[in-house]
Amino acid sequence: NENGEYGYVDYSFVDGDGNELDIFGEKSYKPQQSEISLFSFFTKNNSLSLPAAFDSRDNNCVTPVKQQGLSGNCWAFSTMSMLESDAILNDIDDLTPADYSEAHFSWFTSKSLTDNTDDPTYGDGFNFDSPFEVGGNWIIAAGSLARWTGAAEDTDYPFSPMDLSAMGNYDESSRYDRGSGVIIKSAEELLDMNDAKQWIMEHGSATLAFYFGDEYYNSSSCAYFYNGTNTLNHEITVVGWDDNYSLFNFNADCRPEANGAWLCKNSWGEEWGEDGCFWLSYDDVSLNQIVGYTATSVYRYEDIYQYDGFGFHGRGYSNDYIRFVNVYTADSDCEITAVGTWLLQDNSDYTVEVFRLERDLTACDDALSYVSTAATVPYYGYYVTDLDETLWLKKGDIFAVCVTLTADADCPTVNAPIENVSADDYSCYSEPGQSFVQIARNGTWYDTSAQGLNNVCLKALTAHRHKLNDTGNLCTQCGVVVEWSEDLFVKMITCLFAHFTRIFDSYIINK
């Protein structure tokens, strides 16, 4: 859909005939004048033991309100604010220094089409002329963070709200600047109001999209309620709530039927609203896409194998079973420790597998060795799944990352996230032998590049390799104390075991 006035772009997914797909379920509904808000319904049926009011600012994890100014980057400000709060609560960062760059994030998200031919995502992405005027949404934001584009430090790339030309033209070498020390672990669209409240208590905040119109805002009470049919145009950060917030605080000619409101942090400066914050009625019919991000330290993982340059814009789907694979070649000795992908359905039971292959294959049936992990997630979104066991690889090894999903009563449709074909505002590129999808058990593997759909969105992450100081017991990067007897010796034994296992596997296969 078109760019919203303040920078938020709502997504619709359609099939080849133009029929809208229910990929985001009922939460992505188009509001109607008479419709009762989902959030209002869950408020009146609150079965969890949650406080009637909560304010994350009391926990010293909400960073100062910023000013997006003339930009259309509300989505970047809300995303960075959410990451900052989660990093503070996870002891990755502190309240005072936690200040992540919206300028860097917006620039390299809207210019994700890199000109670096050595970048494995080359040929994918957006290339807008004016990134700071371009809108976005949580899918675009999460796709960019999943690529490890940011988060950089704001002091290195400050935002200029009233002079957009003062930002940008950053060197390509800055694309993967993660100077804040934080990368994304997950981005999840929350299921209902209770989930959102629980999330805010645990992570400090969540992002939320809605429709904003000045005539529906009560400036004297800093309260907002809308009951029309306009599409989403703005994204903010929710930092608390009050179930008893009076309905009489809203405009008399446009007032909800019940008490209760979200406490929201905006991106229009501290002079607007209540020190930059305002109250948003639970019953606002435009409330949509409330999303939680989790952060982790950049030192948790060393490197990332990936092909997709900005996330998914299409899907392959099945009412029974689907399996999707990316095949990579190790560019150094490494240890595969996690897998990142989009799970495009609620209540996903999935299996992640990583295979070391004998040669280039269009399937995973000739694996020399593999590790497997099963998991469940309640919401659709982007997830990094840590493996129960890691897979050791030598430089030049061919390996495949695989995700398997099976439909059931709780999850009747399963999906594979795919880049899809190029469009007016973005480009996609892939090569044969990189990505494959299987939609029937033991059925044909389809090369998505040959099908014209480009890569599946599936990444492999390697373990952080400690770089030791002169005494050999302290990592000079992350500061972790590494005891030789407990770390290096175990790794040496594990490496030797993996080496002999590989020789034995090769013998068995050749036999």
Side-chain angles (χ1 to χ4, degrees), residues 1-10 63-84 97-116 119 121-122 124-145 147-180 182 207 209 212 214 232-237 265-273 276 309-311 423-427:
N1 294 324
E2 293 182 358
N3 188 24
E5 180 179 358
Y6 304 104
Y8 198 80
V9 179
D10 194 11
T63 51
V65 172
K66 296 183 180 180
Q67 171 64 266
Q68 74 176 81
L70 303 175
S71 77
N73 295 155
C74 62
W75 54 275
F77 281 83
S78 59
T79 302
M80 291 296 104
S81 178
M82 163 83 250
L83 278 182
E84 289 165 353
D99 188 1
Y100 306 156
S101 174
E102 293 83 10
H104 177 278
F105 184 47
S106 298
W107 178 266
F108 285 111
T109 297
S110 296
K111 284 190 173 294
S112 51
L113 188 64
T114 175
D115 58 7
N116 179 10
D119 191 314
T121 69
Y122 177 78
D124 292 344
F126 302 103
N127 189 24
F128 291 107
D129 292 332
S130 304
F132 303 113
E133 298 176 16
V134 174
N137 54 44
W138 79 270
I139 301 171
I140 292 174
S144 184
L145 287 172
R147 188 189 185 187
W148 287 6
T149 305
E153 286 283 7
D154 191 76
T155 52
D156 295 329
Y157 310 89
F159 203 87
S160 177
M162 298 306 171
D163 183 9
L164 304 185
S165 64
M167 302 177 289
N169 298 315
Y170 304 129
D171 189 79
E172 181 63 28
S173 61
S174 300
R175 177 176 296 277
Y176 298 106
D177 186 340
R178 304 184 298 279
S180 70
V182 168
T207 68
F212 185 88
D214 285 322
L232 312 178
N233 68 353
H234 191 39
E235 184 175 82
I236 43 80
T237 313
K265 173 187 174 184
N266 207 344
S267 54
W268 294 344
E270 294 181 346
E271 295 76 21
W272 185 89
F310 56 91
D424 292 339
D425 55 0
Y426 61 86
S427 299

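Given the structure is predicted, the values throughout are model-derived calculations rather than measurements.
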Exercise. With side chains defined as the heavy atoms from C-beta onward, is the minimum distance between Phe212 and Asp214 less than 4.5 Å?
Worked result: yes
For this session: Only counting residues at least two apart or in another chain, list the ones meeting side-chain hydrogen bond (donor to acceptor under 3.5 Å, both in side chains) with Thr155.
Result: none
Problem set entry | Non-neighbouring partners of Asp129 that pass side-chain contact (heavy atoms from CB on, under 4.5 Å), sequence neighbours left out | none
Exercise. With sequence neighbours excluded, what pairs up with Arg178 under the salt bridge (charged side-chain N to carboxylate O under 4.0 Å, His left out) test?
Worked result: none
For this session: Output all residues satisfying side-chain contact (heavy atoms from CB on, under 4.5 Å) with Ala151, sequence neighbours left out; order by chain, then residue number.
Result: Met80, Tyr100, Ser180
Problem set entry | Aromatic ring pairing Phe126/Phe310, orientation class (parallel under 30°, perpendicular over 60°, tilted between) | tilted
Problem set entry | Non-neighbouring partners of Tyr157 that pass ring-ring contact (aromatic ring centres under 6.0 Å, His included), sequence neighbours left out | His104, Tyr170
Problem set entry | Contact check, side chains of Val134 and Asp425, non-hydrogen atoms, under 4.5 Å | no
For this session: Mind checking salt bridge (charged side-chain N to carboxylate O under 4.0 Å, His left out) for Glu172 and listing every partner two or more places apart, or none if nothing turns up?
Result: Arg175
Problem set entry | Residues forming a side-chain hydrogen bond (donor to acceptor under 3.5 Å, both in side chains) with Asp124, sequence neighbours excluded | none
For this session: Look up atom NZ in Lys111 and atom OG in Ser130, then write down how far apart they are to the nearest 0.5 Å.
Result: 8.0 Å
For this session: May I have the step-by-step check of side chain to side chain donor-acceptor pair (under 3.5 Å) for Arg147 and Ser112, ending in yes or no?
Result: CA-CA 10 Å; Arg147 188 189 185 187; Ser112 51; 4.5 Å; no
Exercise. Quick one: CG on Asn127 to OG1 on Thr114, what's the gap to the nearest 0.5 Å?
Worked result: 10.0 Å
For this session: Would you give the length of the straight line joining atom OH of Tyr8 to atom CD1 of Ile236, rounded to the nearest 0.5 angstrom?
Result: 10.5 Å
Problem set entry | Name of the residue among Phe105, Phe132, Tyr6, Phe159 meeting ring-ring contact (aromatic ring centres under 6.0 Å, His included) with Phe77 | Phe159
Exercise. Atom CG in Asn137, atom CG in Leu232: separation rounded to 0.5 Å?
Worked result: 9.5 Å
Exercise. Shortest non-hydrogen contact from Ser144 to Thr109?
Worked result: OG-OG1, 2.7 Å
Problem set entry | Minimum heavy-atom distance between Ser106 and Ala76, given as atom pair plus value | OG-CB, 3.3 Å
Problem set entry | Residue list, ring-ring contact (aromatic ring centres under 6.0 Å, His included) with Trp148, at least two apart or on another chain | none
Problem set entry | Side chains of Tyr176 and Asp119 in contact at under 4.5 Å (non-hydrogen atoms) | yes
Exercise. Going through the distances and angles, do Ile140 and Val9 end up as a side chain to side chain contact (heavy atoms under 4.5 Å, CB included)?
Worked result: CA-CA 10 Å; Ile140 292 174; Val9 179; 5.6 Å; no
For this session: Look at the aromatic rings of Trp268 and His234 and report parallel, tilted or perpendicular, splitting at 30° and 60°.
Result: parallel
Exercise. Who pairs with Glu84 by salt bridge (charged side-chain N to carboxylate O under 4.0 Å, His left out), at least two apart in sequence or on another chain?
Worked result: Lys66
Exercise. Is the shortest heavy-atom distance from the side chain of Thr79 to the side chain of Trp138 under 4.5 Å?
Worked result: no
For this session: Could you pull out all residues at least two apart from Asn169 that satisfy side-chain contact (heavy atoms from CB on, under 4.5 Å)?
Result: Trp107
Exercise. Hey, does Leu164 have a side-chain heavy atom less than 4.5 Å from the side chain of Ser71?
Worked result: yes
For this session: Could you tell me the separation between the CG atom of Asn266 and the SG atom of Cys74, rounded to the nearest 0.5 Å?
Result: 9.0 Å
Problem set entry | Nearest non-hydrogen partners of Ser81 and Lys265, listed with the distance | OG-NZ, 2.8 Å
Seminar exercise, completed: The side-chain contact (heavy atoms from CB on, under 4.5 Å) partners of Ser78 (sequence neighbours excluded) come to Thr207, Glu235, Thr237
Exercise. How many angstroms lie between atom OG of Ser110 and atom CG of Asn73, to the nearest 0.5 angstrom?
Worked result: 7.0 Å
Exercise. Any salt bridge (Lys or Arg N to Asp or Glu O under 4.0 Å) pairs touching residues 70-81, not counting sequence neighbours?
Worked result: none
